[in-house]
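Following: one structure in structure tokens, then a few remarks.
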Amino acid sequence: MKQQRYDVVIVGGGAAGLSGALALGRARRSVLVIDAGEPRNAPASHVHNYLGRESTPPGELLAIGRGEAAGYGAEIVEGRVASAERLPGSGEGEQGFRVVTEAGRSVEARRLLVTTGLVDELPPVPGLAERWGREVLHCPYCHGHEVSDRPIGVLATGPLAVHQALMWRQWSDDVTLFLHTGPEPTEEEYDQLAARGVAVVDGEVAGLEVADDRFTGVTLASGRVVPREALVVQARFNARSAVLESLGLKPVAQEMGGAVIGSYIPTDPTGATEVPGVWAAGNVTRLTEQVIGAAAAGLMAASAVNGDLIAEDTRLAVAARRA
């Protein structure tokens, strides 16, 4: 940290944070990005659906983004932010915040942009975490093409499992729905699955079969092994919201199809939170956002932050002129 006060401190250096830093740097704002180095997509081999960067490894994309943001003056440091607080008296005149890292270092900012992402909470099945982002998947638009025409399993843990199975059927005609701990499909859902050729297997899943560092099948509690080459799960998406919570914001439940899929911090369309001067972008506020969407959200928030700073700069200049 080269200075003690910045126009904007960005907490989180993924696609949303770096995109915001790039835009703010180009707007000639002093910007500090504090990144804990825990990108959600680190287990994945490539980023997809990012126009102009299709199939770029996640680490490479972040390195490119850091270089671009730094090229416009943004400062990027490693660290984990422990908390943030509004500076005393910042409700009138110039706003301000203090950000404190777990290492005990503090820095001040006129505005905050929080882009800390989310954590995927996987079902408690032995072996899932070790294969996450490789053959254990959740998003067909992120990974579907890579497992096209291969035997795919869908692990049911909630009411969205049938929806998942029917969706993944677009990428393969060999899809098996493992009922596991999910609800029994309705008669209509059984008809839909049968019509699309999706097999249904009763019984809980006890673990995964792996050979030569490749996922090869699903082991049921009965001991039966069903050969598969990919397994789809419904992770719970939990926003990394600790920094925002330290400012008084609370995460709320996100529902989809009548099921809670995770928690997020609400914002307006620009990313503004209920705390004046604080914005959020990316998966911390939009759980299903892909990388390119997170980058776009970072740009949107950065534009709003800069506009808010311009308004404050103007207000302070008028007050000084009249003094």
Would you say W168 and V147 make side-chain contact, with heavy atoms under 4.5 Å?
-> yes
Is the shortest distance from a Lys or Arg side-chain nitrogen in D191 or R196 to a carboxylate oxygen in the other one below 4.0 Å?
-> no
Check step by step if side-chain contact (heavy atoms from CB on, under 4.5 Å) holds for T176 and V200.
-> CA-CA 6 Å; T176 296; V200 179; over 6 Å; no
Backbone N/O of A304 and side chain of T270: donor-acceptor pair under 3.5 Å = no
When rounded to the nearest 0.5 angstrom, what distance separates CD in E108 from CG in L32?
-> 12.5 Å
Using the benzene-type ring in the case of Trp, are the ring centres of W132 and H138 under 6.0 Å apart?
-> yes
Okay, side chain of N283, backbone of R286: is any donor-acceptor separation there less than 3.5 Å?
-> yes
Honestly curious: do V154 and L122 fall in one hydrophobic cluster under the side-chain, below-4.5 Å linking rule?
-> no
V260 to A253 - nearest heavy-atom pair and separation = CG1-CB, 4.1 Å
Look at R110 together with D313 and state whether they make a salt bridge at an N to O cut-off of under 4.0 Å.
-> yes
Is R5 atom CZ crowded by more than 12 heavy atoms from other residues, nucleotides or ligands, each under 6.0 Å away?
-> yes
Dump the intermediate steps for side-chain contact (heavy atoms from CB on, under 4.5 Å) on V162 and L177, then the final yes or no.
-> CA-CA 8 Å; V162 171; L177 174 62; 4.2 Å; yes
Answer whether the closest heavy-atom distance between the side chains of S30 and E75 falls below 4.5 Å.
-> no
Would a 4.5 Å heavy-atom cut-off, applied to side chains only, mark V100 and R105 as touching?
-> no
CD of E274: more than 12 outside heavy atoms within 6.0 angstrom?
-> no
Would you name the heavy atoms of H180 and A156 that are closest together and state the gap between them?
-> CB-O, 3.3 Å
When you look at D213 and R131, which way does the salt bridge (Lys or Arg N to Asp or Glu O under 4.0 Å) test go after all the steps?
-> CA-CA 9 Å; D213 197 31; R131 313 308 300 181; 2.9 Å; yes
Search all heavy atoms of S106 against all heavy atoms of Q4 and return the closest pair with its distance.
-> O-OE1, 3.4 Å
Is the closest side-chain heavy-atom distance between V198 and V175 below 4.5 Å?
-> yes
Under 3.5 Å: donor-acceptor pair, side chain of T116, backbone of R240 = yes
CD1-CZ distance between I261 and R236, expressed to the nearest 0.5 angstrom = 9.5 Å
Same hydrophobic cluster for L160 and Y264, using side-chain heavy-atom links shorter than 4.5 Å among ILVMFWY?
-> yes
Rounded to the nearest 0.5 Å, what's the gap from CD1 on I152 to CD on Q164? Could you check?
-> 11.5 Å
Looking only at heavy atoms, what is the nearest atom pair of G298 and L113, with distance?
-> O-CD2, 4.5 Å
Spell out, as yes or no, whether a donor-acceptor pair under 3.5 Å connects the side chain of T219 to the backbone of L208.
-> no
Would you sort out whether S172 and D174 count as a side-chain hydrogen bond (donor to acceptor under 3.5 Å, both in side chains), showing the intermediate values?
-> CA-CA 5 Å; S172 174; D174 187 355; 5.8 Å; no
Distance, nearest 0.5 Å, that separates CD of E204 from CG of L220 | 10.0 Å
In plain terms, say whether R80 and E38 are close enough for a salt bridge, that is, a side-chain N and a carboxylate O under 4.0 Å apart.
-> yes
To the nearest 0.5 Å, how far apart are CD1 in I292 and OG in S19?
-> 10.0 Å
Mind checking whether L231 and L137 have side chains closer than 4.5 Å, heavy atoms only?
-> no
With a cut-off of 6.0 Å (strictly less than), are more than 12 heavy atoms of other residues, nucleotides or ligands near CD of E78?
-> no
Check against side-chain contact (heavy atoms from CB on, under 4.5 Å), Y50 and T56 | CA-CA 9 Å; Y50 201 121; T56 301; over 6 Å; no
Y141 side, atom OH; T288 side, atom OG1 - distance, nearest 0.5 Å | 11.5 Å
Among the clusters formed by ILVMFWY side chains lying less than 4.5 Å apart, do V33 and L24 turn up in the same one?
-> yes
Verify the cluster assignment for V8 and I76: are they in a single hydrophobic cluster under the rule of side-chain heavy atoms below 4.5 Å apart?
-> yes
Flag, side chain of E54 to backbone of N49, donor-acceptor distance under 3.5 Å = yes
Show your working on side-chain contact (heavy atoms from CB on, under 4.5 Å) between R214 and E135 and close with a plain yes or no.
-> CA-CA 8 Å; R214 295 293 299 175; E135 304 100 344; 3.4 Å; yes
4.5 Å side-chain heavy-atom contact, P123 and L128 = yes
Side-chain contact test, heavy atoms from C-beta onward, threshold under 4.5 Å: evaluate it for V119 versus F237 and give yes or no.
-> no
Of the non-hydrogen atoms in V9 and A109, which two are nearest, and what is the gap between them?
-> CG2-CB, 3.5 Å
Provide the closest heavy-atom pair for L18 versus G65 in the form atom of the first, atom of the second, distance.
-> CD1-C, 4.0 Å
Return yes if some donor-acceptor pair links the side-chain N/O of T285 with the main-chain N/O of G282 below 3.5 Å, else return no.
-> no
Would you check if H48 and C142 make a side-chain contact, meaning some heavy-atom pair closer than 4.5 Å?
-> no
Do side-chain atoms of E312 reach the backbone of L309 as a donor and acceptor pair under 3.5 angstrom?
-> no
Run the salt-bridge test on D308 and R111 with the 4.0 Å N-O cut-off and return the result as yes or no.
-> yes
Quickly, which of R228, E130, E209, R134 forms a side chain to side chain contact (heavy atoms under 4.5 Å, CB included) with F215? Name it, please.
-> R228
